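Count residues from 1 along the sequence. Worth saying up front: this structure is predicted, and the values here are computed from it rather than measured.
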Amino acid sequence: MNDQIPELREPLPQTDRVPFIAGNWKMNLDHLQAIALVQKLSWALKDVRHDFSQAEVAVFPPFTDLRSVQTLIAADKLALGLGAQDVSPHASGAYTGDVSAAMLAKLETRYVLVGHSERRHGHGESDETVGAKALAASRAGMIPVICVGETAEDLEAHGAAAIPLAQLAAAVAPLPEGAEFVVAYEPVWAIGSGQAASPEQAEEVAKALRESLRDLRSDEVAAATRILYGGSVASQNVAAFLRQPNVDGALVGGASLKADEFAKIVQFKKHVTAG
């Protein structure tokens, strides 16, 4: 397993990476339910006086909810970020059912998930397609959240880091120099299973991904890029993941649909202790 981890070189430059907690709603909630959830979440975070400069928070609703959520965020001047769950690699044209990056950007969408395992496996998205989607999002002024991860079969055959490293390289390759992106490591075997990877497993792969970015981009990009963990994240385990030096946040699935639970995850710093 460890033979997939690049050897450590000189220490990376010191960079303050603001933790990022992202809630992926998947195919849940209509636009009215979305409004209610965002209101409850904003109230919960206000009650605990959450400092968004210390931990960024974004929600990733279904396409049909984006306009409603964006209007609420703008009208109430909420500090929540807005993300989309997918984007077309095409700018426009005869692509029935697709949503372009330009359309999302008009809705003040800041982030876009690309390469989520449910798109890769359920819709047959290739590494090349994921790279094209990341480029489309970047060109429209948004930040792609590049999802990488291995299945249980991949883990057995190749170890923990090989598949995520290959997926990251393919997704980053088309992006221009200077493009900002986030990496989300989600072991496919942990998504929705209730069985998260251990914090040590997450750190091992996150560390390998960061080392890989030194070769793919530069030491500065590797130091600045935020790497998230996703896969059965909950308020009970998030602090252990965020305590790891190379894990900078969480991509939260089912728990993000519960305002109180998601707010507790956002407040992970209250539960992080030394050691």
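- The 12-atom threshold is not exceeded at NZ of Lys258, counting heavy atoms of other residues, nucleotides or ligands nearer than 6.0 Å.
- Classification of the Tyr95-His90 ring pair by plane angle, with boundaries at 30° and 60°, yields parallel.
- Checking side-chain atoms of Asp76 against main-chain N and O of Leu78 turns up no donor-acceptor pair under 3.5 Å.
- Remark: Glu177 CD to Arg217 CZ distance equals 4.5 Å, nearest 0.5 Å.
- You'll find the side chain of Thr151 reaches within 4.5 Å of the side chain of His121, heavy atoms only.
- Taking Leu257 as the reference, Trp25, Asn28, Leu29 meet the side chain to side chain contact (heavy atoms under 4.5 Å, CB included) condition, with sequence neighbours excluded.
- Using a 4.5 Å heavy-atom threshold, the side chains of Leu135 and Pro144 count as separate.
- Of all non-hydrogen atoms in Ala179 and Ser138, the two that sit nearest each other are CB-OG, 3.6 Å.
- At distances below 3.5 Å, at least one donor-acceptor pair connects side-chain atoms of Ser42 with backbone N or O atoms of Val38.
- Side-chain atoms of Ser126 and Thr129 form a donor-acceptor pair, as typed in the model, at a separation below 3.5 Å.
- Side chain of Gln85 to main chain of Phe60: a donor-acceptor pair is present (N/O by atom type, distance under 3.5 Å, no hydrogens or angles).
- Atom CD of Glu156 sits in a sparse spot, with 12 or fewer heavy atoms from other residues, nucleotides or ligands closer than 6.0 Å.
- Of all the heavy atoms in Leu66 and Ala84, the pair that sits closest is CD1-CB, 4.2 Å.
- Between Arg210 and Ala223, the shortest heavy-atom distance links the atoms NH1-O, 4.1 Å.
- Contact detail for Asp127 and Ala166: the closest heavy-atom pair is OD2-O, 4.4 Å.
- No side-chain donor-acceptor contact under 3.5 Å links Gln167 to the backbone of Cys147.
- Here the side chain of Glu186 pairs no donor or acceptor atom with the backbone of Gly149 at under 3.5 angstrom.
- More than 12 heavy atoms of other residues, nucleotides or ligands sit less than 6.0 Å from atom CG of Asp47.
- Side-chain atoms of Glu203 and Asn246 include a donor-acceptor pair closer than 3.5 Å.
- Contact annotation: the side chain of Tyr185 never approaches that of Val247 to less than 4.5 Å [non-hydrogen atoms, C-beta and beyond].
- Here the straight-line distance linking atom OG1 of Thr109 with atom CD of Gln70 works out to 7.5 Å at 0.5 Å rounding.
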Working for side chain to side chain contact (heavy atoms under 4.5 Å, CB included), residues Ser88 and Val99: CA-CA 6 Å; Ser88 175; Val99 176; 5.9 Å; no
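- At a threshold of 4.0 Å, the pair Asp215-Arg9 counts as salt-bridged, since one of the basic side-chain nitrogens sits closer than that to a carboxylate oxygen.
- Exactly one residue among Arg243, Lys207, Arg226, Arg17 makes a salt bridge (Lys or Arg N to Asp or Glu O under 4.0 Å) with Asp248. That residue is Arg17.
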Audit row: Val238, Tyr229, side chain to side chain contact (heavy atoms under 4.5 Å, CB included) steps and yes/no: CA-CA 9 Å; Val238 64; Tyr229 169 76; over 6 Å; no
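- The distance from atom CG of Leu80 to atom NE2 of His50, rounded to the nearest 0.5 Å, is 8.5 Å.
- Closest of all the heavy-atom pairs between Ile21 and Gly249 is CD1-CA, 4.3 Å.
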Working for side chain to side chain contact (heavy atoms under 4.5 Å, CB included), residues His31 and Thr64: CA-CA 7 Å; His31 74 287; Thr64 56; 5.8 Å; no
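- If you take CG on Leu72 and CZ on Arg67, they are separated by 12.0 Å, rounding to the nearest 0.5 Å.
- The distance from the CG atom of Leu45 to the CG atom of Asp51 is 11.5 Å, given to the nearest 0.5 Å.
- We find the CG-CD1 distance between Leu251 and Ile227 to be 13.5 Å, quoted to the nearest 0.5 Å.
- Although no hydrogens or angles enter the test, the distance criterion places no donor-acceptor pair under 3.5 Å between the side chain of Gln244 and the main chain of Phe241.
- His123 approaches Glu118 most closely through the heavy-atom pair CD2-O, 3.7 Å.
- Hydrophobic clustering (side-chain heavy atoms under 4.5 Å, transitive across Ile, Leu, Val, Met, Phe, Trp, Tyr) keeps Tyr111 apart from Val266.
- A 6.0 Å sphere centred on CZ of Arg139 holds no more than 12 heavy atoms belonging to other residues, nucleotides or ligands.
- By the 4.5 Å heavy-atom criterion applied to side chains, Phe181 and Val221 are counted as neighbours.
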Leu209 and Leu213: CA distance, side-chain angles, deciding distance, side chain to side chain contact (heavy atoms under 4.5 Å, CB included) verdict: CA-CA 6 Å; Leu209 291 167; Leu213 285 173; 5.8 Å; no
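- Judged by distance alone, the side chain of Asn237 and the main-chain N or O of Ser232 form a donor-acceptor pair under 3.5 Å.
- Judged by distance alone, with hydrogens and angles left aside, the side-chain atoms of Arg120 form a donor-acceptor pair with the main-chain N or O of Gly115 at under 3.5 Å.
- Annotation for Gln39: atom CD counts as buried by contact number, over 12 foreign heavy atoms lying within 6.0 Å.
- Taking the side chain as every heavy atom from C-beta outward, Pro19 and Lys269 approach each other to under 4.5 Å.
- The shortest distance between side-chain heavy atoms of His158 and Glu150 does not fall below 4.5 Å.
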